[in-house]
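Shown next, in structure tokens, is the structure this report addresses.
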Amino acid sequence: INTNVRPIIKSQDHYLDLLNILHSNKNYKKIISISLRSAKNKNFISEIDKYRNSNLKVWLNVADWIKEELNFTPIIIPDITQIDLEDKDFRGHEVSRMASMNLNLRVALYQKSFLNLTISAGFSELLYHSNYSFLSFKFGDDRIKKYTNSVEDNESTYGIKKGEQLPFLTKKQKIFW
């Protein structure tokens with residue numbers, strides 16, 4: 001198996017067109033997307049999900065910094081479990097609920113973004129198999145043992161050791177263990 005070859009995910013033009021229509025009345029600077037994970041089961045969050053989920057407060061601080069210091073536009077893609085949160089819960093940042101529910105729009109937003117920020121989750125695979133710029137955090141977590149996103153599981157699944165990069169990533173793509 002050649003590990004340096006991968007399928008490349010790319011948005012279809014009509015989804016980019018739709019995204020451009022949705023953003024046409026906005027005065028966006030360069031976009032940085034932030035994909036959130038917030039898995040829970042009927043208001044119960046497992047011990048593993050506590051480690052795997054995004055820390056909303058931290059990511060909102062990152063979004064504040066992006067907006068204030070870089071003068072870019074952060075667009076938050078909430079987890080499907082966060083769809084019902086109000087805009088004020090995201091401190092007034094742009095939120096793309098549609099990209100949470102539609103993978104085609106998510107890929108279009110990833111393609112349109114200057115940079116994509118994510119944690120290791122199912123949706124981050126869309127970035128791993130694209131040519132879009134991204135930083136992916138929490139790729140393997142030492143606190144998780146023998147389960148999805150554990151260091152052991154990711155080393156086995158991806159064939160790399162802790163601290164290594166996926167061999168097919170570009171210079172504009174990076175995973176953080």
Side-chain angles (χ1 to χ4, degrees), residues 4-40 49 52-139 148-149 158 165-166 168-176:
N4 292 316
V5 176
R6 66 184 169 151
I8 298 297
I9 294 172
K10 185 176 186 284
S11 178
Q12 297 173 352
D13 288 341
H14 59 276
Y15 285 102
L16 286 169
D17 292 343
L18 176 58
L19 200 58
N20 286 331
I21 291 168
L22 293 171
H23 293 174
S24 64
N25 65 345
K26 309 282 186 174
N27 187 24
Y28 288 157
K29 311 285 189 230
K30 289 183 180 176
I31 294 171
I32 297 181
S33 77
I34 300 173
S35 296
L36 302 177
R37 180 187 191 274
S38 181
K40 57 186 169 186
D49 285 329
R52 294 193 64 212
N53 283 348
S54 302
N55 182 323
L56 181 58
K57 183 179 177 182
V58 168
W59 281 109
L60 290 175
N61 289 341
V62 170
D64 290 343
W65 182 83
I66 289 167
K67 189 173 188 175
E68 294 164 12
E69 298 298 322
L70 298 180
N71 199 28
F72 288 4
T73 301
I75 297 182
I76 297 170
I77 305 173
D79 191 278
I80 197 78
T81 65
Q82 297 170 314
I83 294 295
D84 293 337
L85 291 178
E86 297 180 28
D87 286 345
K88 67 179 175 120
D89 295 320
F90 295 103
R91 293 188 198 156
H93 290 292
E94 293 292 322
V95 178
S96 182
R97 289 174 178 83
M98 288 177 55
S100 295
M101 298 181 284
N102 185 303
L103 287 179
N104 292 303
L105 281 176
R106 181 185 287 263
V107 171
L109 182 55
Y110 286 161
Q111 185 169 330
K112 188 174 179 178
S113 296
F114 174 75
L115 177 66
N116 299 283
L117 303 176
T118 186
I119 61 162
S120 183
F123 50 76
S124 55
E125 290 291 330
L126 297 170
L127 290 167
Y128 302 161
H129 296 283
S130 77
N131 287 323
Y132 314 138
S133 300
F134 71 82
L135 301 175
S136 179
F137 300 91
K138 296 170 104 175
F139 187 74
T148 302
N149 216 49
Y158 296 99
Q165 295 297 304
L166 297 170
F168 47 77
L169 296 184
T170 71
K171 292 179 182 179
K172 294 183 178 183
Q173 300 174 322
K174 186 162 177 78
I175 57 172
F176 294 90

Here the gap from N131 atom CG to T170 atom OG1, rounded to the nearest 0.5 Å, amounts to 6.5 Å

Interatomic distance, CD1@I21 vs CG@L16, rounded to 0.5 Å, equals 11.5 Å

Evaluation steps, side chain to side chain contact (heavy atoms under 4.5 Å, CB included), between S100 and I83
CA-CA 8 Å; S100 295; I83 294 295; 3.6 Å; yes

Looking only at heavy atoms, what is the nearest atom pair of E86 and R97, with distance?
C-NH2, 3.9 Å

So which of V62, I66, L135 actually passes side-chain contact (heavy atoms from CB on, under 4.5 Å) with I32?
I66

When rounded to the nearest 0.5 Å, the distance separating CD of Q173 from CG of N116 is 9.5 Å

Any side-chain heavy-atom pair from L18 and N104 closer than 4.5 angstrom?
no

Assess whether side chain to side chain contact (heavy atoms under 4.5 Å, CB included) is satisfied between F90 and I34, documenting all intermediate values.
CA-CA 12 Å; F90 295 103; I34 300 173; over 6 Å; no

Check whether any side-chain heavy atom of I76 lies under 4.5 Å from a side-chain heavy atom of L60, and answer yes or no.
yes

CA sep, side-chain torsions, deciding dist, call: I119, W59, side chain to side chain contact (heavy atoms under 4.5 Å, CB included):
CA-CA 11 Å; I119 61 162; W59 281 109; 4.1 Å; yes

Measure the shortest side-chain to side-chain distance between Y158 and I175 over non-hydrogen atoms and say whether it is less than 4.5 angstrom.
no

dist N53:CG -> T81:OG1 (nearest 0.5 Å) comes out at 7.5 Å

To the nearest 0.5 Å, how far apart are CD in Q165 and OG in S136?
9.5 Å

Is there a side-chain contact between R52 and K138 (heavy atoms, below 4.5 Å)?
no

Heavy atoms only: give me the nearest D89-L56 pair and the separation to one decimal.
O-CD2, 4.2 Å

Answer yes or no: is there a side-chain heavy-atom contact under 4.5 Å between I77 and F123?
no

Looking only at heavy atoms, what is the nearest atom pair of P74 and A63, with distance?
CG-O, 3.5 Å

Is any side-chain heavy atom of M101 less than 4.5 Å from a side-chain heavy atom of I80?
yes

Evaluate the criterion side chain to side chain contact (heavy atoms under 4.5 Å, CB included) for residue pair S133 and F114; output intermediate values, then yes/no.
CA-CA 7 Å; S133 300; F114 174 75; over 6 Å; no

Where do Y28 and E94 land on the side chain to side chain donor-acceptor pair (under 3.5 Å) test, with the steps shown first?
CA-CA 10 Å; Y28 288 157; E94 293 292 322; 2.8 Å; yes

Would you indicate whether the side-chain heavy atoms of I31 and L109 approach each other to under 4.5 Å?
yes

Flag, side chain of T73 to backbone of K29, donor-acceptor distance under 3.5 Å:
yes

Taking only residues two or more places apart in sequence or in another chain, which ones pass ring pair (Phe, Tyr, Trp, His ring centres under 6.0 Å) with F134?
Y128

Can you find a pair of side-chain heavy atoms, one from T118 and one from R37, that are under 4.5 Å apart?
no

Rounded to the nearest 0.5 Å, how far apart are CG of L22 and CE of M98?
5.0 Å

Which atom pair, heavy atoms only, marks the closest approach of S35 to Y110?
OG-OH, 2.8 Å

